[in-house]
Colleague: 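Structure provided below as structure tokens; questions to follow.
Heavy-atom basis, side chains included; hydrogens, waters and symmetry copies ignored. In what follows, chains carry the letters A, B, and so on, assigned in the order in which the sequence lines appear, proteins first and then strands, with residues in each chain numbered from 1.
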Amino acid sequence: MLVLDRVSKTYPNGVRALEDVSLQVAAGELLVIIGGSGCGKSTLLRAASGLDTPTQGRVLLDGITIAAPHERIGILFQEPRLLPWLRVADNVGFGLEGRPRAERDKRVAFAIERVGLTEKARVWPRELSGGQAQRVAIARALVTRPSVLLLDEPFSALDAFTRAELQDHLLDLWDEARPILVLVTHDIEEALVLGSRIAIMRSHPGRIAGVIDVPLPRPRDRLSAAFDEQKRRVLKLLDSTLKRQAHKAPLHDFQI
Amino acid sequence: MMISFQAVGAQGELRKPALARILRPALGLIVPVGLAVAWELAVKLGLSNGRLVPPPSIILSTFADLAATGELQRHAIVTLMRVAAGFGLGVVFGTLVGAITGYSGLMHRLIDPTLQGLRAIPSIAWVPLFILWFGIFEKSKIILIAIGVFFPVYLGVMGAVLSVDRKIVEVGRVFRLSGPAMVRRILLPAVMPAYVISLRAGLGLGWMFVVAAEFMGASEGLGFLLTDGQQLGKPAQIVAAIVAFALLGKLTDWIIASAAAPFLRWEDAFARR
């Protein structure tokens, strides 16, 4: 269980990025956090990963306080962030240094095979396409078998085709080990394809406006009527969040 | 890349790129070789006496004579040692100070303005002072060379450390690298390309400054061959020494480049595309 307990984050320049955010994600759950740009969803994820410390509140993983990056928490950024001086296989094995060579090789080979890039194992990152690079990043994050994987808009820089492909791929991988998965996005369709639950964020300061269940069976059909209906529901919710927000605070650059 | 080359080879068209690979660099030889041959002919045909601008054959025989007596090697080794010592000192200090000012904002504000001020001084201007301080022998020469090497290395290392991608450093944090591991696995490889460039720039300046240093009074070294050739009116000896400088400069640069090549192969993969 990953718990965010009344997490607030105020930057040194006085910007309140997060205020009193509480969330609980159970083992095997896939939570999607959706919100406009600048609503603090990346800040939330960084706090959950231990990369940034909240000004108030705390993050707990199975009762352990997370104040710094933890071996059980993997994180995937919007950019693949591969190390250009390491070949694909060495990038994937980056987090396994110190383990026996044989074990490392085996796990790296398996992880690369799972993301379908076996024939690219000896290639330099710069020779990969955007989608391939992000798949290598997924393999690198999963090779250490984290119990939590945090994803910060991991597919937003990809074309629609590659994005749908990687979403399905991520679901397959999640299904295998069922880690806690928290994904931040501004894409409603992505939220509905992936999420067991969707948390809607509002901005200035960033807080959770509400959490909804996604009552769609898996695998989800992006073209079904039920999917469309859910899409309208989320849109409406986002819209009303936006309106409530407009009464309380001046509208900045909230956009969906 | 490998795959595409093999595919081309399988079609029996490998000879074409192979030929092009030899011919393309050869194009660069046309102008210098052409000029040399033309000048040789001009002197042979009596169009010029070639006394002040000796033809290639004279330079070659002077070079061979100097080498045969062992003179050339003796002077070359002395110069090489000076460059090696000055380059070593300059690299050590340039790397240390550059890494410190690149890493720490406080040290940057504290040290960098002074160094930038010193850098603005043409280094040759130090020569008289160095002679007063360190005498006319090896010490002042090596320090002058070290200063020439120091600045490009310092600037290169500092700039490289400053421009290391914060996002890549964060990857190191996610995998909980310790301080030394962060340096070894993230920072060092990240600064490597810029570092090698600054080493090569530093070496170039080292060769420049060794000539200046040997001009300020030396009884040995390739720089001495230059001044000696001037005073005794032997232009062929001057050019022979210049050729030796060129060969040594190119050789030492090549040594650095090829020693660094294994660390920079990932860059090549990019450049070849």
Colleague: Go through the atoms of A:Arg122 and report whether side chain, backbone, both or neither lie under 4.5 Å from a heavy atom of chain B.
Modeller: neither
Colleague: In terms of heavy-atom proximity below 4.5 Å to chain B, should A:Glu79 be classed as side chain, backbone, both, or neither?
Modeller: side chain
Colleague: For B:Arg173, does the CZ atom sit with more than 12 other heavy atoms under 6.0 Å from it, leaving out its own atoms?
Modeller: yes
Colleague: Within a 6.0 Å radius of atom CZ on A:Arg178, are there more than 12 heavy atoms belonging to other residues, nucleotides or ligands?
Modeller: yes
Colleague: Just verifying a value: how many Å separate A:Phe77 CZ and B:Lys167 NZ, rounded to the nearest 0.5 Å?
Modeller: 9.5 Å
Colleague: Please examine the side chains of A:Phe94 and B:Val174, heavy atoms only from C-beta on, and report whether any two atoms are closer than 4.5 Å.
Modeller: no
Colleague: More than 12 heavy atoms of other residues, nucleotides or ligands under 6.0 Å from CE of B:Met81: yes or no?
Modeller: no
Colleague: Heavy-atom pairs under 4.5 Å with chain B are the metric here; pick the option from A:Pro84, A:Pro125, A:Gly95 that has the most.
Modeller: A:Pro84
Colleague: State, with a plain yes or no, whether a side-chain heavy atom of B:Arg265 is found less than 4.5 Å away from one of A:Trp124.
Modeller: yes
Colleague: At a heavy-atom separation under 4.5 Å, does B:Ile186 approach chain A through its side chain, its backbone, both, or neither?
Modeller: both
Colleague: From A:Ile75 CD1 over to B:Glu170 CD, what is the distance, rounded to the nearest 0.5 angstrom?
Modeller: 7.5 Å
Colleague: Given heavy-atom pairs under 4.5 angstrom as the criterion, report whether the side chain, backbone, both or neither of B:Ala190 touches chain A.
Modeller: both
Colleague: To the nearest 0.5 Å, what is the distance between CH2 on B:Trp266 and CG on A:Leu83?
Modeller: 10.0 Å
Colleague: Does atom CD of B:Gln73 have more than 12 heavy-atom neighbours from other groups under 6.0 Å away?
Modeller: yes
Colleague: Rounded at 0.5 Å granularity, tell me how far CD1 in A:Ile73 sits from CZ in B:Arg176.
Modeller: 9.5 Å
Colleague: Measuring heavy-atom distances to chain B, does A:Leu86 have an atom under 4.5 Å in its side chain, in its backbone, in both, or in neither?
Modeller: neither
Colleague: Could you tell me whether the side chain of A:Trp85 reaches within less than 4.5 Å of the side chain of B:Leu264, counting heavy atoms only?
Modeller: no
Colleague: Going from CZ on A:Arg81 to CZ on B:Arg166, what distance comes out if it is rounded to the nearest 0.5 angstrom?
Modeller: 7.0 Å
Colleague: In terms of heavy-atom proximity below 4.5 Å to chain B, should A:Arg140 be classed as side chain, backbone, both, or neither?
Modeller: both
